[in-house]
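Atoms considered below: every heavy atom in the structure, side chains included; atoms not considered: hydrogens, waters and symmetry mates. All of these numbers come straight from a predicted model, not from anything done at the bench. The sequence lines fix the lettering, A, B, ..., with proteins before strands; numbering per chain opens at 1.
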Amino acid sequence: MDEKYFPEKIEEKWQQVWADSGGFEVEPDKSKPEFYCLEMLPYPSGFLHMGHVRNYSIGDALSWYKRLQGCNVIHPMGWDSFGQPAEQAAIKRNIHPREWTEENIAHMRAQFKRMGFSFDWRREVAAHTPEYYKWDQWFFLKMLERGLIYRKNSPVNWCPKEETVLSNEQSSGGVCWRCGATVEKRDLEQWFIRTTDYAQALLDDMQEIERGWPERVLTMQRNWIGKSSGAFIDFPIKDTDERVRVFTTRVDTIYGANAIVVAAEHPLLAKLMAGSVLKDQVEQFAARVKANRAVSVKQPGEEEAKEGVNTGLFAINPFSGEQIPVWVGNYVLMEYGTGAVMSVPAHDERDFEFAQKYSLPIRRVIARVTHEQEQFRHDPEMGADHSRTMPHAFTDYGVLINSGNWSGKLSDAAMREMAEYAQAHGFGEPAVTYRLRDWGISRQRFWGAPIPVIYCAACGIVPVPEKDLPVVLPERAEFTGTGQSPLANVAEFVNTTCPKCNEPARRETDTMDTFVDSSWYFFRYCDPRNQSAPFDKDVVAYWTPVDQYIGGIEHAVMHLLYTRFWTKMMRDIGLIKFNEPVMKLLTQGMVTNVIAGTGEWKAMSKSAGNGVDPDEMIGIYGADAVRLFIMFAAPPENELRWQETGIEGAVRFLRRVYNTVYRWRESLPDVPRDATTETFSDAARRLRRKTHQTIARITDDFEQLHFNTSIAALMELLNELGDSGLAPESASASDAFAVREALEALVLMLTPFTPHIAEEMWTGLGHTNGVLGSGARWPAADEELARKEELEIPVQINGKLRARITAAPDTPEETLRAAALADERVRSYTDGREIVKVIVVPNRLVNVVVR
RNA sequence: GCCGAUGUGGCCCAACUUGGUAGAGGCGUUCGCCUUAAAAGCGAAAAGUUGAGAGUUCGAAUCUCUCCGUCGGCACCA
């Protein structure tokens, strides 16, 4: 141990020691408790940014903590290495995406190593390697076999800037999740995974992870799945054999329906409008709505004005027998429910707005529940128009009025009974719909896993036989950046023979969404080189599910929903036995920095010009200090404001710890370890108390992932050691014992945050081979030693602090009461007044209530 | 608009789970020591109506309600 703290020297040294010893390399071991610590794998953009550093510092701290507790910790890392930017780079620089990707990976891996993260690098996987994407393709075939994948022509979300398809999740809010361009609709033949089959399971199984996941992530997923219970009701179309099926959550309001409104894309339109004089008008309107939808720039908060056109058709309300007009409306979505709604303006805001615009009648059929329900029974106003008396829609539940025999029932009962009635009479049924759509995975891209199917003129769509996997990406392709997959122009890729009939055939040229790769990568980490299966079931059963997952909130819906789906699918094909992949989730906050000149804090980014390069920081302060600051500056879920002065504070602390260890290093190793029977000086006793209190506190903090307070506690312990007045020159054996105990605890508990300096100091304290090499364990708190010898008990008079008394811990209630009442200051408040009662909280306070 | 978080010294934050002395830690500020001087280092100090109001309670930063501010998600989903 040098006299001075040289971060660079220490860090290089221990990184080498760890690499040589393979100390972070683990294998299944039934004799130890297992812990899977997982951080979201990065996209290999080329450079580590502070967000990465934060993410992996958190995971590394937890890994070290569990390791020191004797767990068998798997802590792997890999690369989400398929995706757009590699292809953009290929276009721009005329190199193969693989070349660009692998250069980036090499650079970032080196950066990771420089940070000193404790990964088991033997388990590294990269999505773009055939060894990995072979299994993406294998899963595709498995799902195809089970009918979980299908192909359909459908309007898809199209990013005009990147010229590719986006999933619903990727085009949330009408903009591309990556580049922000306004998303358009296009009709394309696409492959879809039936995620909707699992909609209910995705909701139900949330109860298994409720305790370990942030509420807001679960809420976001619940909103996204968007379950809604109601009923389907069929409205016959007058003078035809057709029926229009609507979905409603408020069948109790059906007597108030003044129209049926269908989506512009509704299939019945073409069928029923033939021969109508209004045909052209309706068609023009529908075309206009569709066109508008394709290009409309929808700002958040902005709603399109409701528009519609009357088709001239009439639908018959199956409950009332009433004839109501059928309209086409721009506000009805074909993708949701049945693409048709019953319009009940009195009780739905959208329908109200629509009715106002076109002067349609408004009939009130729900009344607020009052104590005088009787009067509604007679339906005095049946058939009346309430458009003048209702200034806005009444959307609450209530009691039915103007609803024939159903009048007088409460909404709740009516909704249930009316749906059942519809079912019994063959014109409807109770129904549940979801907002969640099937997952469109086709991408018109080169840099992704090729979809393993072949199109044969004779045999149709033929899956690539398992033995022919992987379907490998070609070495050469032309990257033009136009809408078609570059694979389509690679003859040697496209042209093949049909596996069934051996005739010439063509390969699918679309590749898979990269979220496929990241849906199951952490299972592959468990058995990364398996050549005969995505992974060995037994090995995966040992390591998974993931105990703790750490990553950004931006993946709350997309990645985390897909991976939950994937897990259930793998369970159903027999690979695993549980429902949920991740027991605990931590979503770390952004790293922000001031935008020069504005005083505004924004997420670090190239475009905002407020990025801070981790390499540069390591160069100045060392990896340990960067990591310590990042863990200390804020709780992990919070935004972290980057402050150079903060990191200087971190270095200062490390230097002080280092200097302290250095100063004591020669006075400690020879002190006997069984000195506990000796008598300790007051200073030594105080220090020991602080040491054990700190151990207890930090252990607790770690379990709750409160790293910032752990570090604060370590700083306190060092301060206490400084304040103790103990010095190596004058310390007795028992003093030295207490100091060694404090320093050893301090160093060990610092290891998760600043492993390099901790290793160095641990050897300085006389342990050969360092923390990892010597098999050191997390210190254990001795409750007895942590207990205070004397407590200061506040005494309140009528709830106001008036005096303090001292007492030993666990002083009986009666004694405390007497001591408080005997106190001179207390008596000045109680003399001459009536003591109503005395509240004594043992070890905490006494409150005297006087009148 | 709906849903959910959150609001504590100048700043980042602790105490909120379990009501009991408002302050642990860091940054910044001021002062002292050290120094020819400065930096570093060491030592010390100042600073809050806990967003506002009400309720519950002997006692509220903590529990409940209302309002305000900030952040996030969703938003024609029938």
Considering only atom P, compute the distance from A5(B) to U17(B) and round it to an integer number of Å.
16 Å
Residues E215(A), R222(A): salt bridge by 4.0 Å N-O rule
yes
State whether R250(A) places a side-chain N or O below 4.0 Å from either non-bridging phosphate oxygen (OP1 or OP2) of A78(B).
no
d(CG, L721(A); P, C42(B)) in whole Å:
13 Å
Do S228(A) and Y336(A) come close enough that some side-chain heavy atom pair is under 4.5 Å?
yes
Would you call K4(A)-D2(A) a salt bridge at under 4.0 Å N-O?
no
Applying side-chain hydrogen bond (donor to acceptor under 3.5 Å, both in side chains) as the test, list every pair that has at least one member in residues 807-819 of chain A; sequence neighbours left out.
R787(A)-D810(A), D810(A)-N843(A), E814(A)-R817(A)
N719(A) vs T248(A), nearer the 5' end of RNA chain B by closest nucleotide
N719(A)
Give a yes/no on whether any side-chain N or O of N223(A) is located under 4.0 angstrom from OP1 or OP2 of C3(B).
no
Minimum-distance nucleotide to T219(A) side chain [options: G41(B), C3(B), A78(B)]:
C3(B)
Kindly point out which of G20(B), A78(B), C13(B) is positioned nearest to the side chain of L845(A)?
G20(B)
Between G25(B), C27(B), C12(B), spot the one nearest the side chain of E716(A), thanks.
G25(B)
For C63(B) and C31(B), measure between their C1' atoms and round to the nearest Å.
43 Å
Taking atom P of G4(B) as reference, at what distance in whole Å does atom CD of Q221(A) sit?
18 Å
Remember a base hit wins even if backbone is also touched, and classify G649(A) as base, sugar-phosphate or nothing at under 4.0 Å, heavy atoms.
sugar-phosphate
Considering heavy-atom distances to RNA chain B, does M220(A) or F247(A) have its closest nucleotide positioned more toward the 5' end?
M220(A)
Can you measure L586(A) atom CG to A5(B) atom P for me and round it to whole angstrom units?
18 Å
Before accepting this row, confirm whether a basic side-chain N of the pair E720(A)/R689(A) lies closer than 4.0 Å to the acidic partner's carboxylate O.
no
Rounding to an integer number of Å, can you tell me how far N708(A) CG sits from C27(B) P?
15 Å
Can any side-chain N or O of R54(A) pair as donor or acceptor with the backbone N or O of G589(A) at less than 3.5 Å?
yes
Name the nucleic acid region contacted by E792(A), choosing base, sugar-phosphate or nothing; use a 4.0 angstrom heavy-atom cut-off, strictly under.
base
Classify the angle between the aromatic ring planes of H559(A) and H555(A) as parallel (below 30°), tilted (30 to 60°) or perpendicular (above 60°).
perpendicular
Take the angle between the ring planes of Y562(A) and W439(A) and call it parallel below 30°, perpendicular above 60°, tilted in between.
parallel
Are E335(A) and R437(A) ion-paired here, with the side-chain N under 4.0 Å from a carboxylate O?
no
Same-atom distance (C1') from G9(B) to G23(B), integer angstrom
9 Å
C27(B) C1' sits how many Å from E644(A) CD, rounded?
13 Å
Quantified in whole Å, what is the P atom distance between nucleotide G7(B) and nucleotide A15(B)?
11 Å
Can you tell me which nucleotide in G72(B), A78(B), A14(B) comes closest to the side chain of R216(A)?
G72(B)
Under 4.0 angstrom between S228(A) side-chain N/O and A78(B) OP1 or OP2
yes
We want to know whether N719(A) and R656(A) form a side-chain donor-acceptor pair, criterion being a heavy-atom distance below 3.5 angstrom.
yes
Between G53(B) and G43(B), how far apart are the two C1' atoms, rounded to whole Å?
44 Å
Looking only at atom P, what distance separates G25(B) and A14(B), rounded to whole Å?
15 Å
Expressed as a whole number of angstroms, how long is the span from I711(A):CD1 to C12(B):P?
18 Å
Answer with base, sugar-phosphate or nothing: what part of the nucleic acid does P635(A) contact at a heavy-atom distance below 4.0 Å?
sugar-phosphate
Between A24(B) and A44(B) - P atom distance, rounded Å
13 Å
Counting only side-chain nitrogens and oxygens, does R652(A) get under 4.0 Å of the OP1 or OP2 atom of C27(B)?
yes
Salt-bridge criterion met for E307(A) and K357(A) (N-O under 4.0 Å)
no
Pairs counted as Watson-Crick or G-U wobble with both distances under 3.5 Å: what dot-bracket string results for RNA chain B, using | for bases tied to another strand?
(((((((..((((......[..).))).(((((.......))))).....(((((..]....))))))))))))....
Should R656(A) be listed as having a side-chain N or O under 4.0 Å from OP1 or OP2 of C42(B)?
yes
Whole angstrom value for the distance that separates C1' of C27(B) from CG of L628(A):
14 Å
Distance, rounded to the nearest Å, where H392(A) contributes NE2 and G1(B) contributes C1'
14 Å
What nucleic acid atoms does D351(A) come within less than 4.0 Å of, heavy atoms only: base, sugar-phosphate, or nothing?
nothing
Base, sugar-phosphate, or nothing: which does R435(A) touch, judged by heavy atoms less than 4.0 Å apart?
base
If you measure from the C1' atom in U62(B) to the same atom in G19(B), how many Å do you get, rounded?
6 Å
For nucleotides 58-64 of chain B, which of its nitrogen or oxygen atoms have a protein nitrogen or oxygen under 3.5 Å away, and what is each distance?
{"residue": "C58(B)", "atom": "O2", "partner": "N847(A)", "partner atom": "ND2", "Å": "2.2"}

Short N-O contact, E637(A) and R216(A), less than 4.0 angstrom:
no
